[in-house]
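Right, one structure below, let's go through it.
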Amino acid sequence: MKQVHIGTFQLGHANVDLIAMHGESGGEFYLCPDDSRPPRIKVGTAYQSWDQCVSVLLHESIEMALCLKDLRFQHSGKLNSDHADYLFVFNHCQFGDICSEVAIFITQALPKLASE
């Protein structure tokens, strides 16, 4: 899999690296990818239509923004480690704030990702 650094863009009060994963689908984010890099979002580009790639970028950036604001929760004491077992809890004002933060990130990142 070829990974390409698309750029570093503002998401809320953090700078976030965007990485394109060519030949892959899906996405993921890391708040602390290593000792020296900012948070990172990875997005697969192996889709038949552009909207699928945009959907993954939206998913990961919204989830990261919710996580950074302590609005994502996970069951404790579970014996299995289901990575999809999250609960998001927020009010309408928090939702508007998340939308604003993600909008800044998306408007900067999408043109660069599209040209990759």
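When side chains are defined from C-beta on, V43 does not count as touching M21, because their heavy atoms never get closer than 4.5 Å. Between Y86 and L66, every side-chain heavy-atom pair lies at or beyond the 4.5 Å cut-off. Counting heavy atoms from C-beta outward, I41 and M64 have side chains that approach closer than 4.5 Å.
In this structure, L18 CG and R40 CZ are separated by 11.0 Å, a value rounded to the nearest 0.5 Å. Expressed to the nearest 0.5 Å, how far CD1 of I62 lies from SG of C99 amounts to 6.5 Å. The distance from the OG1 atom of T45 to the CD1 atom of I19 is 12.5 Å, given to the nearest 0.5 Å. Between the CD1 atom of I6 and the CD atom of Q108 there is a distance of 14.0 Å, given to the nearest 0.5 Å. Put simply, CD on E63 and CG on L71 are 12.0 Å apart, with the number rounded to the nearest 0.5 Å. Interatomic distance, L110 CG to S61 OG, rounded to the nearest 0.5 Å: 8.5 Å.
With sequence neighbours left out, T8 forms a side chain to side chain contact (heavy atoms under 4.5 Å, CB included) with H5, N15, D17. With sequence neighbours excluded, the residues satisfying side-chain hydrogen bond (donor to acceptor under 3.5 Å, both in side chains) with E101 are K69.
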* For the pair S55 and Q52, evaluate side-chain hydrogen bond (donor to acceptor under 3.5 Å, both in side chains) and give the outcome as yes or no after the intermediate values. => CA-CA 5 Å; S55 177; Q52 292 173 299; over 6 Å; no
* Using the side-chain contact (heavy atoms from CB on, under 4.5 Å) rule, take Q3 and E24 through it: C-alpha gap first, then chi angles, then the decisive distance, then the call. => CA-CA 9 Å; Q3 295 188 20; E24 295 287 324; over 6 Å; no
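Of the possible donor and acceptor atoms, none in the side chain of Y47 sits under 3.5 Å from a partner among the backbone N and O of V54.
Contact detail for V102 and A65: the closest heavy-atom pair is CG2-CB, 4.0 Å. The shortest heavy-atom contact between S25 and A46 is CB-O, 4.2 Å. Among all heavy-atom pairs drawn from L113 and C53, the shortest one is CD2-SG, 3.9 Å. Q10 and G12 get closest at one heavy-atom pair: NE2-O, 3.0 Å.
No path of Ile, Leu, Val, Met, Phe, Trp and Tyr side chains, each step under 4.5 Å between heavy atoms, connects I104 with I98, placing them in separate hydrophobic clusters.
No cation-pi contact links R72 to F88, judged by a cut-off of 6.0 Å to the six-membered ring centre and 45° from its axis.
The aromatic rings of F9 and F105 stand perpendicular to each other, their planes meeting at an angle above 60°, with 30° marking the opposite boundary.
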Only pairs under 3.5 Å count here: list side-chain donor-acceptor contacts from residues 29-36, not counting sequence neighbours, and write none if there are none.
{"from": "Y30", "atom 1": "OH", "to": "E28", "atom 2": "OE2", "distance (Å)": "2.7"}
{"from": "D34", "atom 1": "OD1", "to": "S36", "atom 2": "N", "distance (Å)": "2.9"}
{"from": "D34", "atom 1": "OD1", "to": "R37", "atom 2": "N", "distance (Å)": "2.8"}

